[in-house]
Every structure is written in C-alpha cells, then in structure tokens.
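Structure first, commentary second.
Bear in mind that the values here come from a model prediction, so they are computed numbers and not experimental data. Any value given below was found using the heavy atoms of this structure, including those in side chains, with hydrogens, waters and symmetry copies removed.
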Amino acid sequence: MNKYLENLNNQKITIDSTPLLEYAKAYNIPIVKYESLQIILSFILAKKVEKVLEIGTAIGYSAIQMASIKKDLKIDTIEKDLTMYNLAIKNIQTYQLESQIKVWLADAREIDLAVLQKDYDLIFIDAAKAQSQKFFERFKDLLKPNGIIITDNILFHGLVENQEGLTKNVKKMVEKIDAYNKYLATLPDYRTIFLTTGDGLAITMRN
Ligand code: SAH
Ligand code: MG
C-alpha cells in the first residue's frame with residue numbers, strides 16, 4: 001500500500017489495528033487486503049449501511065474495521081473454527097465492540113438462518129474460497145433489495161487465471177473459484193463488478 005495515501009486515510013481512523021495486523025502476519029491469517037477493506041468501508045459510509053453479514057471472521061480484523069468506521073453499524077459474523085472464534089471474541093472485547101459485533105460459532109453451510117437478520121445491507125463472503133458460491137446461494141435472500149454482496153479472493157493469488165503446475169487440491173479449489181466468478185458474471189437479476197484490488201474483489205448488486 002502507498003504509505004502517503006495510508007497516512008491520509010489514517011487521519012480520521014479512531015482505532016489502532018497494529019496488534020491485529022501483526023498477529024495476522026505472524027500466524028499467516030488471511031485477513032482482507034488494505035485496498036479491499038477501503039472499498040468495503042467506502043460502501044459502508046456511502047450507502048449508510050446498518051447491517052452486515054460476514055462469512056469468515058478469523059481473528060475479527062475486518063469486522064472490527066467495519067464496526068469502527070460507523071458506530072451504529074451491526075455485524076453478524078460467522079466463524080467455524082473454535083480457535084479463531086475465541087481470538088475474535090477476545091479482540092472484539094479489547095476494542096469494546098461487543099455491542100456492534102456478534103460472532104456466531106458455526107459452519108456457514110449449516111447455521112440456522114432463523115438466528116440471522118433478513119435485511120442486510122452488505123454481505124461479505126470471505127470464508128472457504130471453494131465454497132463462495134454455496135455461501136452466495138445460501139445467504140443472498142437475506143440481502144435488502146438494494147444491498148450488495150462483496151466476495152473476497154476471487155483471483156486467489158493469480159492462480160485462478162494461471163492454473164499451470166498446481167497440485168490437484170489447489171487446482172480443484174481454483175476451478176471452483178473460476179466457476180463461481182463465471183456464475184456471478186452471468187447470473188440473471190444481478191450485476192457484478194470484478195476488481196483486481198487486493199486478492200480480487202467481486203461486488204454484486206441486484207438489478
Ligand atoms: N474476514 C476475515 C478473514 C477471514 S479468513 C478478515 O478479513 O479479517 C477465513 C475464515 O473463514 C477462517 O477463519 C476460516 O476458519 C473461516 N471459514 C472457512 N470455512 C468456513 C465455514 N464453512 N463457515 C464458517 N467459517 C468458515
Ligand atoms: Mg479474504
């Protein structure tokens with residue numbers, strides 16, 4: 001990231017996320033890339049987003065960033081890994097954001113939809129990359145008519161475009177991401193904008 005622009009962005013930042021960034025780096029936690037986060041934050045402010053559903057909490061970094069930029073924002077975020085869940089809960093407490101962020105310890109493929117809201121302004125899909133389409137199909141009806149769905153890691157380090165020399169498992173995964181991207185691109189009733197930002201970002205809106 002451009003340090004000059006980062007400094008400008010930071011002029012109005014109220015939280016210091018350095019400890020989270022350092023932790024993610026030390027333990028290889030795949031948190032959202034800086035530029036992608038800025039796009040998400042822009043949407044939150046521009047569209048006056050009130051409710052967010054996030055699939056894939058990890059240590060809570062993206063949820064904490066989203067909650068911090070808008071004090072009346074409420075987030076439901078789903079995490080299936082107990083270690084990650086516990087770290088997220090601890091971090092959310094540290095930043096005193098418990099009233100804004102609810103972490104659900106669950107597999108997003110199975111979570112009871114009745115515990116969630118039915119009118120999210122933004123759904124952020126950022127869990128197991130091979131399952132993005134499953135998550136899209138499962139949660140799309142919880143979106144407000146003019147809401148948006150943002151999917152992270154649609155380029156997966158460039159491997160989706162260039163699949164040469166991959167191991168069988170990685171190839172299987174990137175093929176699924178590729179299929180999801182093409183699904184989004186051709187889906188009736190929705191329009192998706194694809195960006196190279198970060199690890200690739202898809203921004204999907206209903207027609
Ligand atoms: N959004 C976070 C990063 C999430 S990393 C950030 O930017 O800060 C992806 C997370 O999704 C991992 O912690 C992984 O455990 C979780 N995950 C993967 N598959 C999942 C599933 N089916 N249900 C819930 N969480 C899942
Ligand atoms: Mg991601």
Side-chain angles (χ1 to χ4, degrees), residues 15-41 43-44 49-118 120-140 142-143 147-154 156 173 177 180 198-203:
I15 63 157
D16 177 12
S17 55
T18 317
L20 297 178
L21 291 169
E22 282 173 355
Y23 187 94
K25 198 165 180 199
Y27 293 94
N28 274 320
I29 315 288
I31 57 168
V32 64
K33 291 277 199 313
Y34 183 84
E35 299 276 1
S36 301
L37 177 67
Q38 301 312 313
I39 289 177
I40 294 168
L41 298 181
F43 271 110
I44 288 175
V49 168
E50 286 168 0
K51 292 184 191 171
V52 175
L53 174 64
E54 176 180 70
I55 321 299
T57 318
I59 61 171
Y61 173 74
S62 48
I64 287 168
Q65 290 286 344
M66 291 190 275
S68 303
I69 204 158
K70 196 162 177 289
K71 282 291 136 205
D72 60 349
L73 184 72
K74 293 272 193 291
I75 305 175
D76 283 310
T77 180
I78 308 170
E79 175 56 55
K80 70 168 187 188
D81 182 272
L82 180 62
T83 307
M84 287 298 148
Y85 170 84
N86 284 330
L87 282 164
I89 294 289
K90 189 188 92 190
N91 289 330
I92 290 160
Q93 278 168 0
T94 302
Y95 288 91
Q96 299 183 323
L97 293 168
E98 303 98 311
S99 63
Q100 282 182 267
I101 307 171
K102 165 81 185 154
V103 190
W104 298 90
L105 176 61
D107 189 317
R109 289 168 298 180
E110 290 158 10
I111 190 170
D112 180 4
L113 296 183
V115 304
L116 300 173
Q117 305 295 312
K118 278 157 194 64
Y120 293 103
D121 304 280
L122 168 64
I123 299 179
F124 180 40
I125 301 178
D126 191 24
K129 310 315 164 195
Q131 289 159 18
S132 290
Q133 187 168 333
K134 276 208 183 93
F135 299 141
F136 184 97
E137 285 168 353
R138 187 141 205 260
F139 298 110
K140 67 176 177 15
L142 302 184
L143 193 69
I148 57 173
I149 300 182
I150 299 185
T151 311
D152 195 20
N153 310 99
I154 59 157
F156 204 72
M173 183 186 52
I177 300 175
Y180 174 57
D199 193 25
L201 207 62
I203 301 173

Give a yes or no on whether the backbone of [Y] and the side-chain of [X] come within a donor-acceptor separation of less than 3.5 Å.
{"X": "R138", "Y": "L113", "answer": "no"}
{"X": "K51", "Y": "V49", "answer": "no"}
{"X": "E35", "Y": "G198", "answer": "no"}
{"X": "Q100", "Y": "A63", "answer": "no"}

Neighbour count >12 (heavy atoms, 6.0 Å) for atom [atom1], [X]:
{"X": "K71", "atom1": "NZ", "answer": "yes"}
{"X": "E137", "atom1": "CD", "answer": "yes"}
{"X": "K90", "atom1": "NZ", "answer": "no"}

Test side-chain contact (heavy atoms from CB on, under 4.5 Å) applied to F136 and I123, step by step: CA-CA 9 Å; F136 184 97; I123 299 179; over 6 Å; no
Spacing of [X] atom [atom1] and [Y] atom [atom2] [to the nearest 0.5 Å]:
{"X": "D76", "Y": "I55", "atom1": "CG", "atom2": "CD1", "value": "9.5 Å"}
{"X": "I44", "Y": "I150", "atom1": "CD1", "atom2": "CD1", "value": "8.0 Å"}
{"X": "I69", "Y": "L37", "atom1": "CD1", "atom2": "CG", "value": "8.0 Å"}
{"X": "T77", "Y": "M66", "atom1": "OG1", "atom2": "CE", "value": "7.0 Å"}
{"X": "S62", "Y": "D126", "atom1": "OG", "atom2": "CG", "value": "6.0 Å"}
{"X": "I101", "Y": "L73", "atom1": "CD1", "atom2": "CG", "value": "8.5 Å"}

Please examine the side chains of [Y] and [X], heavy atoms only from C-beta on, and report whether any two atoms are closer than 4.5 Å.
{"X": "Q93", "Y": "E98", "result": "yes"}
{"X": "L97", "Y": "S68", "result": "yes"}
{"X": "I125", "Y": "Y180", "result": "yes"}
{"X": "L53", "Y": "Q117", "result": "no"}
{"X": "L82", "Y": "Y85", "result": "yes"}
{"X": "N153", "Y": "I177", "result": "no"}
{"X": "K33", "Y": "L201", "result": "no"}
{"X": "I59", "Y": "M84", "result": "yes"}

For [X] versus [Y], what's the shortest heavy-atom pair and its separation?
{"X": "A88", "Y": "T57", "answer": "CB-CG2, 3.8 Å"}
{"X": "S17", "Y": "Q65", "answer": "OG-NE2, 3.1 Å"}
{"X": "A67", "Y": "I75", "answer": "N-CD1, 3.8 Å"}
{"X": "D121", "Y": "E50", "answer": "OD2-N, 2.8 Å"}
{"X": "K118", "Y": "L116", "answer": "NZ-O, 3.7 Å"}
{"X": "F139", "Y": "A108", "answer": "CZ-O, 3.2 Å"}

Candidate pair F135 and I78, rule side-chain contact (heavy atoms from CB on, under 4.5 Å), full reasoning: CA-CA 11 Å; F135 299 141; I78 308 170; over 6 Å; no
Verdict with supporting geometry, L20 and I31, side-chain contact (heavy atoms from CB on, under 4.5 Å): CA-CA 10 Å; L20 297 178; I31 57 168; over 6 Å; no
Working for side-chain contact (heavy atoms from CB on, under 4.5 Å), residues D152 and F124: CA-CA 8 Å; D152 195 20; F124 180 40; 3.8 Å; yes
